[in-house]
Amino acid sequence: MTILARETDTLTRDALAVLQPGFTGTRAPQWLLRQLADGLTAVGLFGRNITSPEQLAQLTAELRAVRPDVLVAIDEEGGDVTRLEVRTGSSFPGNLALGAVDDPDLTRGVAHELGRRLAACGVNLNWAPSADVNSNPGNPVIGVRSFGAEPGLVARHTAAYVEGMQAAGVAACTKHFPGHGDTSVDSHHALPRIDVDAETLWARELVPFRAAVAAGSKVVMSAHILLPALDPELPATLSPSVLTGLLRAPAAQGGLGFDGLIVTDAVEMSAIADTHGIERGTVLALAAGADAICVGGGLADEETVLRLREALVRAVRDGDLPEERLAEAAARVRTLAHWTAQQARGSRQQGSAPAPEIGLEAARRALRVTAAQPWQAPAEPPHVAEFAPVSNIAVGDETPWGLGAELDRLLPGTTTCAWRRAEAERAGTEALVADVLGAAGDRKVVAVVRDVHRHPWMADVLDALLAARPDTVVVEMGVPQAPPAGALHIVTHGAARVCGRAAAEVIAGGATGV
């Protein structure tokens with residue numbers, strides 16, 4: 001082999017090593033196995049790849065048959081954002097519920113059990129937790145994915161989550177650096193901008209990330225957001241000032257001193273793809289200090305992998321990306337892969353005690369119940385009216401939410417109708433309320449809302465429904481901002497299946513009722 005051929009081979013393998021692509025299907029496609037053999041070191045999984053724990057374990061075994069140390073990543077936050085239980089809803093409440101309980105030991109235990117289940121299926125890198133401080137209650141993409149709006153609370157639960165997840169042998173990925181909580185734009189669709197000064201960032205956004213670094217988070221994920229106080233031109237994912245000057249630099253130089261792996265949020269998101277393109281965005285991210293590129297939530301094919309591989313190789317040859325920077329990034333990916341392989345061997349020897357009910361325990365403890373008078377369970381099955389916003393891309397629209405199914409399990413005969421904004425506006429508030437009351441008849445009405453403070457149409461319908469039937473039960477499954485209303489008001493702090501079950505137990509008058 002010539003020196004040039006060896007150099008080309010090294011560059012190609014390093015370029016493949018820094019990619020974390022997705023794919024379609026529930027079996028590993030041949031192109032993916034081929035790229036793993038050629039140097040690809042990580043694979044990203046999404047809901048489309050998973051049907052059951054058994055199938056997932058078989059899939060990850062196929063990947064490891066080609067590359068035993070492969071990083072298998074997943075976006076499994078628990079709560080509203082679940083891939084492991086994408087078709088049923090999560091067995092774990094999300095971050096906001098855990099923050100509402102404010103018991104770091106519980107958060108640590110939930111993360112450990114979630115990590116244990118991931119590890120049992122062969123997943124060793126979780127793109128979680130979200131360490132964003134949800135200081136903007138109107139945030140369209142973070143919301144219940146955040147532990148809360150107070151930096152200290154978010155920090156202690158971020159650290160506990162990282163510790164619990166990694167104790168199960170799964171690398172935690174703290175996101176979205178340097179903080180996506182104060183945004184009014186979803187970076188899946190456009191480039192958000194946070195116009196606060198550096199002092200505010202240090203006192204608010206960066207507090208949980210410092211805690212995550214101190215807790216030993218193996219990975220940090222960058223956000224596609226513009227923070228002029230740090231870089232007036234480039235979003236965090238592409239900014240040397242943010243990734244190298246802030247996240248990577250030691251504390252003595254004004255940084256956070258993070259020495260683990262930096263991965264980008266998905267480069268095909270509009271905030272990057274529509275401004276720089278995915279190839280140029282990938283090169284700029286590596287040059288800025290990122291070590292790995294997440295791609296494949298939307299683009300999930302071999303052509304995309306090859307395009308990004310060639311863009312990186314070409315950038316090195318053209319002098320746009322130092323070869324040493326690419327080699328350093330690839331080395332960090334391989335170091336993390338080595339750590340996860342060691343953790344897997346250790347867990348096989350020691351095992352990890354399951355805690356199957358911890359998610360339900362957390363969901364029950366997270367409930368906030370306000371009763372206008374002592375609550376009595378309905379004499380007959382109620383009628384549930386769900387008023388649903390359009391799901392953001394992070395949550396997806398595959399995962400069921402609400403509490404109709406859980407309430408029907410406890411009170412057989414419960415009926416459910418669901419309304420979205422377009423249907424509600426087409427029908428009109430008066431006709432919609434008449435439809436709900438007609439379907440309910442003399443039965444109790446349970447109105448389920450999600451972020452009612454963010455959706456005027458939803459608030460209008462709820463007000464009209466309460467005016468007609470003051471005895472309506474109201475269940476808020478998003479961020480609670482509106483004051484309690486109805487005969488019984490339940491805040492679940494999330495829309496996971498287990499949150500619905502906890503609320504249903506209260507309505508049905510179970511052990512946790514009021």
task = For F177, enumerate each residue passing the ring pair (Phe, Tyr, Trp, His ring centres under 6.0 Å) test, keeping only those at least two apart in sequence or located in another chain.
result = F209
request  = Would you mind listing every salt bridge (Lys or Arg N to Asp or Glu O under 4.0 Å) that reaches into residues 164-181, with sequence neighbours excluded?
outcome  = D75-K175, E77-K175
request  = Just jot down the ring pair (Phe, Tyr, Trp, His ring centres under 6.0 Å) partners of H157, sequence neighbours excluded, or say none.
outcome  = F147
query = Between L230 and P178, which heavy-atom pair has the shortest distance, and what is it?
reply = CD1-CG, 4.2 Å
task = Please say which of M477, M458, H455 ends up in a side-chain contact (heavy atoms from CB on, under 4.5 Å) with V449.
result = M458
message = Quick one, K444 with D471, criterion salt bridge (charged side-chain N to carboxylate O under 4.0 Å, His left out). Give me CA distance, side-chain angles, the key distance, then yes/no.
response = CA-CA 8 Å; K444 181 73 70 178; D471 65 339; 3.6 Å; yes
ask   = N134 side chain to A149 main-chain N or O, any donor-acceptor pair under 3.5 Å?
value = no
key: Set of side-chain contact (heavy atoms from CB on, under 4.5 Å) partners for S91, sequence neighbours left out   = E85, R117, R497
ask   = Excluding sequence neighbours, so at least two apart, what forms side-chain contact (heavy atoms from CB on, under 4.5 Å) with A57?
value = none
query = Do side-chain atoms of N126 reach the backbone of A172 as a donor and acceptor pair under 3.5 angstrom?
reply = no
key: side-chain contact (heavy atoms from CB on, under 4.5 Å) evaluation trace for L59 with Q55   = CA-CA 6 Å; L59 170 59; Q55 169 270 326; 4.1 Å; yes
inquiry  = Run the salt bridge (Lys or Arg N to Asp or Glu O under 4.0 Å) test against D408 and tell me which residues pass, sequence neighbours left out.
reply    = none
From W127 atom CH2 to Q20 atom CD, the distance as rounded to the nearest 0.5 Å = 5.5 Å
ask   = What pairs with R204 under side-chain contact (heavy atoms from CB on, under 4.5 Å), at least two apart in sequence or on another chain?
value = V133, S135, P151, D182, V196, T200
inquiry  = Tell me the closest heavy-atom pair linking A212 and T158, and the distance in Å.
reply    = CB-CG2, 3.9 Å
query = Between V384 and L407, which heavy-atom pair has the shortest distance, and what is it?
reply = CG2-CD2, 3.9 Å
task = Not counting sequence neighbours, which residues clear ring pair (Phe, Tyr, Trp, His ring centres under 6.0 Å) with H176? List them please.
result = H180
side-chain hydrogen bond (donor to acceptor under 3.5 Å, both in side chains) evaluation trace for T51 with T26 = CA-CA 8 Å; T51 58; T26 55; 5.7 Å; no
inquiry  = List the residues meeting side-chain contact (heavy atoms from CB on, under 4.5 Å) with P137, not counting sequence neighbours, and say none if there are none.
reply    = H453, Q481
task = Show your reasoning for whether side-chain contact (heavy atoms from CB on, under 4.5 Å) applies to I507 and I490.
result = CA-CA 9 Å; I507 295 169; I490 303 173; 3.8 Å; yes
inquiry  = So, taking the atom named CG in L336 and the one named CG in L261, what distance separates them when rounded to the nearest 0.5 Å?
reply    = 5.5 Å
query = Can you find a pair of side-chain heavy atoms, one from R364 and one from R501, that are under 4.5 Å apart?
reply = yes
ask   = Just by modelled atom types, is the A266 backbone N or O under 3.5 Å from a matching donor or acceptor in the H224 side chain?
value = yes
key: Backbone of W457 reached by a side-chain donor or acceptor of D460 within 3.5 Å   = no
request  = Could you tell me which residues satisfy salt bridge (Lys or Arg N to Asp or Glu O under 4.0 Å) with E386, sequence neighbours excluded, listed by chain and number?
outcome  = none
inquiry  = Closer than 3.5 angstrom, by distance alone: can the side chain of N124 be matched with the main-chain N or O of L71 as a donor-acceptor pair?
reply    = no
inquiry  = Ignoring hydrogens, what is the shortest heavy-atom contact between L96 and P480? Give both atom names and the distance.
reply    = CD2-CD, 4.1 Å
ask   = Which atoms form the tightest heavy-atom contact between V110 and A362, and what is the distance?
value = CG2-CB, 4.1 Å
key: Pairwise distance CD(E476) to OG1(T370) - rounded to 0.5 angstrom   = 12.0 Å
message = Give me the atom names and distance for the closest heavy-atom approach of P104 to R156.
response = CG-CD, 4.1 Å
task = Tell me, please, which residues at least two apart from F92 pass ring pair (Phe, Tyr, Trp, His ring centres under 6.0 Å).
result = none
If you look only at distance, which donor and acceptor atoms sit under 3.5 Å apart when one is on a side chain in residues 423-437 and the other is two or more places apart or in another chain?
unit_1	atom_1	unit_2	atom_2	d
E423	OE1	R420	N	2.9
E425	OE2	R421	NE	3.0

